[in-house]
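This one's a predicted model, so the numbers in the text were calculated from it and none came from an experiment. Each chain gets a letter, A, B and so on, in the order the sequences are listed, and its residues count up from 1. We use all heavy atoms of the structure for the numbers below, so side chains are in, but hydrogens, waters and symmetry mates are not.
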Protein chains: 2
Amino acid sequence: MPVSSPFRKIGGYSYQMVTVPARRKRATIHDVAVEAGVSRGTVSRVVNDEPYVSAQARTAIEAAIEKVGYVPNNAARNLVMQRSQAVGFVVHEPHSLFLDDPNIGGILLGANTVLSRADYQMVSLVIDSQRDTDRVARYLSGGFVDGVIIVSARHEDPMIRVVEKLALPAAFVGHPPDLRRLPFVGIDNRRSARLITERLMQTGRERIGMIAAALDRDSGADRLAGFTDALGSRFDPNLVARVPLYTYSDGAEGMRALLAREPDLDGVFAASDAVAAGALEALRDAGRSVPGDIGVVGFDDSSWALRTQPHLSTVHQPAFGLGAAAAECVLGQLRGEDQPADGILLETPIVWRDSA
Amino acid sequence: MPVSSPFRKIGGYSYQMVTVPARRKRATIHDVAVEAGVSRGTVSRVVNDEPYVSAQARTAIEAAIEKVGYVPNNAARNLVMQRSQAVGFVVHEPHSLFLDDPNIGGILLGANTVLSRADYQMVSLVIDSQRDTDRVARYLSGGFVDGVIIVSARHEDPMIRVVEKLALPAAFVGHPPDLRRLPFVGIDNRRSARLITERLMQTGRERIGMIAAALDRDSGADRLAGFTDALGSRFDPNLVARVPLYTYSDGAEGMRALLAREPDLDGVFAASDAVAAGALEALRDAGRSVPGDIGVVGFDDSSWALRTQPHLSTVHQPAFGLGAAAAECVLGQLRGEDQPADGILLETPIVWRDSA
DNA sequence: CCCCGAACTGTGCACGTTCACAGAGTCGTC
DNA sequence: GACGACTCTGTGAACGTGCACAGTTCGGGG
């Protein structure tokens, strides 16, 4: 006969215990059932908050759960339910930019908050190289996640096709033009850019230029389009400097180029706060005062905006809200609800500070 | 008799198919076995790269895997293996600081890189309130993760006791004093602070002050101790301003207090780059030139350091390396290897730029 | 020729859960 | 008093995998 373990009730099982196991085994639903004197099924109903359980059974089971310290085994549950209770968070961005871009942190936090409240876990996947793309694609098709949030996808991003093919519930943050009918959340870059440029005009600026960045991304192209919208017939292509990235150094360079071409500039719309910060440096070097000689506005309302001297007037980008909305969108699909086909656009209030 | 599906071979199973399932089911190890004409066991051996498989069987199975598009089911594997193949990444930091502190992003990235290379997934858990502490504690005890990385734990952090009680493989980034013998990775804050203060002295600064922050954390207290070490008998407590947080605004405030008390200061060690950036603003407002009138050094070598004017001389904190080392430490424990009992300290080179 | 070990393969069970179904009891209604 | 509706409970069958174990084949040595 098996000797009963000193610290653990075995119940109906017929384990032959030779030595006491080193690590105490976790209590299962079966242990709870034995402890409470009911069957597995009834325990399961209590755990999952289903009806058809007597008050008496419920109390007994709740006490038993407490006593044996039962926590449901996720692997078993996922196996039988055919789901993983996890959502992937894919960031397609080189490591360096991941650190530098304050929006990504906010998006991550917003998504994480919503997901964990719904008892989903968030698995972060960073794509830095082509090798990573394959790894992530394999991961997504491996059933490790029930859905996916994809941040900063590019034009022709392979992730788009992967997600389409797998028919995986997904939400993109931002919308590359070839997204077709996949759900996304974002902001109206074009409209926001138009509005802040208009306010710059309303403060009496006459010759307004723009430092346009990242024109290979929808955000970059849309911000330029909004700038053009605002100026209308007064638009002059000579007043636009084009730089590759949303960075401080590209901002400084763009500003220098613009000043060389158009010395009588009295207003600048920088495509992001980092770009604006770089522009401010170039202006300081050139001996121009801000906002005295020239007004500068940025975009994002990131931590850059308060680190510059003077503080930046800018468009507030709701990073946390974007992440939260993307998570809600995926959760909605998981619940089988219909999603708005055209994506969700969040509000972008304009923050007026000292730089213009 | 069941009608065979048009697109999927059923094999030896006796499924009664009434309608074609809406979502194509994933291929299982059984499907591969049937396709290759072998048993499940042999397929399992191939998948897990075990010996005792004939070359012929191996080729057939590999072809079959390719053909049916087999990907191992993680839930089933986890269930039978009694593990989750996931590691938790716990950040005990309010949301605001999570965004502001550039180190956390680097640590996250380093940990994520190492873990995903080892085919572990990383689950991020952010603790912002007491409610979150309970949620995370419950999560960790739920067997969702095989190990955990804990960032910025405080003195008497409840996570310490939770991890101890669960005997969960863990690595702390930074070491609260009551950590006892739990493994950690970190930097030698005290020594680094001493070294950079000494270099400030070597450049001829006579009256050197410090803006000390976050003295409730080991990092904050150690940086002050290192500063004291460097000055030795020349240490004057009046030259230390104490502020609560590693932030820009606290830095500005600390600098103003210091200037009011000691107008003839010619050197300042700020407890972090953000603090230094704030100090720079206060100095600009007071009309002091940096590094002309006064030398300023920071700590972290974060993105702040290159955003200030002039660029900051500072201590490089290897954030990515810390995350990577913490992940390696957890993976090592998972492999059953012994870990260094005293924790791991990473190098912190001093970066000399323009501010001192 | 027999035996033994090595190389290889197949099979049953266990992991812990949910779900469909069957069965038991209670109550009200025709 | 039979019957249906409703409430509650227990049971067996999956879910897809790894592992221990039991076979089978093959080759070499005594």
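Regarding A:F144, its CZ atom lies at a distance of 15 Å from the P atom of D:dG16, rounded to whole Å. Here D:dT17 presents its P atom at 15 Å from CD of B:Q85, a figure rounded to the nearest Å. Taking atom CD1 of B:I29 as the reference point, atom P of D:dG16 lies 12 Å away to the nearest angstrom. If you measure from atom CZ of A:R58 to atom C1' of D:dC8, you get 11 Å, rounded to the nearest angstrom. If you take NE2 of A:H30 and P of C:dT18, they are 15 Å apart, rounded to a whole angstrom. A:I65 places its CD1 atom 14 Å from the C1' atom of C:dG16, with the value rounded to the nearest Å. As rounded to whole Å, 16 Å separates atom C1' of D:dC15 from atom CZ of B:R77. Atom C1' of nucleotide C:dG16 and atom CG of A:L79 are separated by 9 Å, given to the nearest angstrom.
With sequence neighbours left out, B:A86 forms a side chain to side chain contact (heavy atoms under 4.5 Å, CB included) with B:S84, B:Q121, B:V123, B:V145. In this view, B:H92 satisfies the ring-ring contact (aromatic ring centres under 6.0 Å, His included) rule with no residue, not counting sequence neighbours. Contacts of B:E62 classified as salt bridge (charged side-chain N to carboxylate O under 4.0 Å, His left out), with partners at least two apart in sequence or in another chain: none. Residues that satisfy the side-chain hydrogen bond (donor to acceptor under 3.5 Å, both in side chains) test with A:T133, not counting sequence neighbours, are absent from this structure. Partners of B:V114 by side chain to side chain contact (heavy atoms under 4.5 Å, CB included), not counting sequence neighbours, listed by chain and number: B:A324, B:A327, B:E328, B:L331. Shown here are the side-chain hydrogen bond (donor to acceptor under 3.5 Å, both in side chains) partners of B:Q85, two or more places apart in sequence or in another chain: B:R83. Residues passing the ring-ring contact (aromatic ring centres under 6.0 Å, His included) test with B:Y120, sequence neighbours excluded: none.
Here B:N73 does not reach the OP1 or OP2 of D:dC15: none of its side-chain N or O atoms lies under 4.0 Å away. In this model, the phosphate group of C:dT17 is not approached by any side-chain N or O of A:N74 to a distance below 4.0 Å at OP1 or OP2.
Here the nucleotide nearest the side chain of A:M81, chosen from C:dC19, D:dT17, C:dT17, is C:dC19. In the set D:dG16, D:dC19, C:dT17, the nucleotide with an atom closest to the side chain of B:T28 is D:dG16.
Within the structure, no pair that satisfies the salt bridge (charged side-chain N to carboxylate O under 4.0 Å, His left out) test touches residues 40-50 of chain A, not counting sequence neighbours.
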Could you list, one pair per line, each protein nitrogen or oxygen that sits under 3.5 Å from a nitrogen or oxygen of nucleotides 5-10 of chain C, together with the distance?
unit_1, atom_1, unit_2, atom_2, d
C:dA7, OP2, B:Y52, OH, 3.4
C:dT9, OP1, B:S54, OG, 2.6
C:dT9, OP2, B:S54, N, 3.0
C:dG10, OP2, B:S39, N, 2.7
C:dG10, OP2, B:S39, OG, 3.1
C:dG10, OP2, B:T42, OG1, 3.1
C:dG10, N7, B:R45, NH2, 3.2

Report, one pair per line, the protein and nucleotides 22-28 of chain D atoms (nitrogen or oxygen only) whose separation is under 3.5 Å.
none

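For the atom pair CG (A:L125) and CG (B:N112), the distance works out to 7.0 Å, reported to the nearest 0.5 Å. From A:M159, atom CE reaches atom CD1 of A:I127 across 4.0 Å, with rounding to the nearest 0.5 Å. Between the CD atom of B:Q333 and the SG atom of B:C329 there is a distance of 4.5 Å, given to the nearest 0.5 Å.
If you check every strand for non-hydrogen atoms under 4.0 Å, A:N78 touches nothing.
DNA chain D is contacted by both B:A76 and B:E50; B:A76 maps to the nucleotide lying nearer its 5′ end (nearest heavy atom per residue).
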Taking distance alone, no hydrogens or angles, what donor-acceptor pairs closer than 3.5 Å link side-chain atoms of residues 161-171 of chain A to residues at least two apart or in another chain?
unit_1, atom_1, unit_2, atom_2, d
A:R161, NE, A:E164, OE1, 2.9
A:R161, NH2, A:D178, O, 3.3

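Direction change of the helix axis from one end of the helix from C:dC1-D:dG30 to C:dC30-D:dG1 to the other is 60°, with five pairs defining each end axis (rounded to 10°).
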